[in-house]
Amino acid sequence: MTTAKDIMHTGATWIPAHETLDRAAQLMRDHKVGALPISANGEQDRMIGILTDRDIVVGCVAMGHDPSKMTAGDLAQGTPRWIDSEAGVEMVLEEMQTHRIRRLPVVENKMLIGMISEADLAQHLTEEQIAGWAAKVYAHG
């Protein structure tokens with residue numbers, strides 16, 4: 001059985017909730033990622049959200065806020081989703097489809113070990129699986 005660990009990319013980087021959005025953007029650039037899990041109070045064992053590059057643009061810049069003053073925690077919303085490293089691909093797809101998310105942190109022994117993104121799905125799944133996933137994640141309504 002193919003697992004979440006088999007299809008994820010490693011090296012996911014946390015950002016503490018108190019860190020500014022300009023620093024978050026720099027981390028995204030340096031690590032060539034579009035999302036960072038947000039940790040509570042700098043502790044890397046409790047995820048309180050995921051910050052995306054789009055969140056920074058829409059939730060900060062487009063609203064006229066200063067990204068050097070706004071923090072990752074300011075944009076943390078909702079319940080963060082994640083998947084266990086040993087979960088099968090069908091569980092990964094179900095989690096992402098049900099919650100209409102495009103990035104999913106992978107956790108092993110309560111520690112973040114990687115992230116699954118659209119690019120990871122494209123590399124490891126069949127065209128049929130990808131088409132089904134996209135239809136549900138990008139569906140209107």
Side-chain angles (χ1 to χ4, degrees), residues 1-63 65-141:
M1 168 180 83
T2 302
T3 66
K5 190 172 187 174
D6 296 328
I7 66 171
M8 71 176 195
H9 60 273
T10 58
T13 302
W14 289 87
I15 186 152
H18 67 269
E19 193 64 73
T20 60
L21 296 181
D22 60 343
R23 180 66 184 132
Q26 292 163 0
L27 283 171
M28 288 180 191
R29 177 199 61 210
D30 294 348
H31 292 280
K32 297 179 174 78
V33 297
L36 299 169
I38 304 169
S39 63
N41 302 319
E43 299 170 23
Q44 296 189 357
D45 63 347
R46 192 170 134 247
M47 182 172 46
I48 62 167
I50 295 180
L51 178 68
T52 67
D53 47 8
R54 185 176 192 283
D55 293 334
I56 295 170
V57 171
V58 174
C60 177
V61 177
M63 300 297 285
H65 299 297
D66 183 349
S68 69
K69 292 186 172 51
M70 228 175 145
T71 67
D74 292 336
L75 293 181
Q77 308 174 30
T79 303
R81 309 306 309 178
W82 54 271
I83 194 103
D84 187 84
S85 65
E86 295 303 313
V89 169
E90 293 304 320
M91 293 273 307
V92 169
L93 293 174
E94 183 177 327
E95 183 72 12
M96 293 175 87
Q97 290 167 344
T98 300
H99 299 285
R100 297 178 69 185
I101 55 177
R102 293 175 267 174
R103 296 171 181 99
L104 187 63
V106 179
V107 174
E108 185 173 86
N109 298 321
K110 299 183 181 181
M111 297 297 292
L112 177 72
I113 63 166
M115 186 86 76
I116 297 173
S117 68
E118 292 172 282
D120 299 313
L121 297 179
Q123 289 178 344
H124 297 283
L125 302 181
T126 66
E127 286 184 26
E128 184 177 302
Q129 287 174 309
I130 294 167
W133 174 84
K136 291 181 181 169
V137 170
Y138 291 107
H140 296 291

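Fair warning: this is a prediction, and the values are worked out from it, not measured in the lab.
- For the residue pair Pro37 and Met47, the shortest heavy atom distance occurs at CB-SD, 3.9 Å.
- The OG1 atom of Thr2 sits 9.5 Å away from atom NE2 of His124, with the distance rounded to the nearest 0.5 Å.
- The heavy-atom pair separating Gln97 from Trp133 by the smallest distance is NE2-CA, 3.1 Å.
- Put simply, the side chain of Glu90 reaches to within 4.5 Å of the side chain of Gln129, judged on heavy atoms.
- Distance check: Met70 CE to Glu19 CD gives 14.5 Å after rounding to the nearest 0.5 Å.
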Handout entry: side chain to side chain contact (heavy atoms under 4.5 Å, CB included) between Leu27 and Leu36, intermediate numbers included
Key = CA-CA 8 Å; Leu27 283 171; Leu36 299 169; 4.0 Å; yes
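- The line from CH2 of Trp82 to NZ of Lys110 is 9.5 Å long, rounded to the nearest 0.5 Å.
- Taking both residues in full, the closest heavy atoms of Ala17 and Ile48 are given as CB-CD1, 3.8 Å, listed atom of the first, atom of the second, then distance.
- Counting heavy atoms from C-beta outward, Thr13 and Asp30 have side chains that stay 4.5 Å or more apart.
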Handout entry: CA sep, side-chain torsions, deciding dist, call: Met96, Leu121, side chain to side chain contact (heavy atoms under 4.5 Å, CB included)
Key = CA-CA 11 Å; Met96 293 175 87; Leu121 297 179; 4.1 Å; yes
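- Residue Ser85 forms a side-chain contact (heavy atoms from CB on, under 4.5 Å) with just one option from Asp6, Val106, Asn109, and that option is Val106.
- In this structure, the separation between CD on Glu95 and CD1 on Ile101 is 5.5 Å, given to the nearest 0.5 Å.
- Here the straight-line distance linking atom CZ of Arg103 with atom CD1 of Ile116 works out to 13.0 Å at 0.5 Å rounding.
- Summarising the geometry of Asp22 relative to Ser68, their closest heavy-atom pair is OD2-CB, 3.4 Å, with the distance given to 0.1 Å.
- Residues Leu75 and Gly59 approach most closely at CD2-O, 4.0 Å, considering heavy atoms.
- Asp120 and Ser117 make their closest contact through OD2-N, 2.8 Å (heavy atoms, listed as atom of the first residue, atom of the second, distance).
- A 6.0 Å sphere centred on CE of Met63 holds no more than 12 heavy atoms belonging to other residues, nucleotides or ligands.
- Using a 4.5 Å heavy-atom threshold, the side chains of Met28 and Leu51 count as touching.
- Atom CG of Asp66 and atom OG1 of Thr20 lie 9.0 Å apart (nearest 0.5 Å).
- Atom CZ of Arg81 has more than 12 heavy atoms from other residues, nucleotides or ligands within 6.0 Å.
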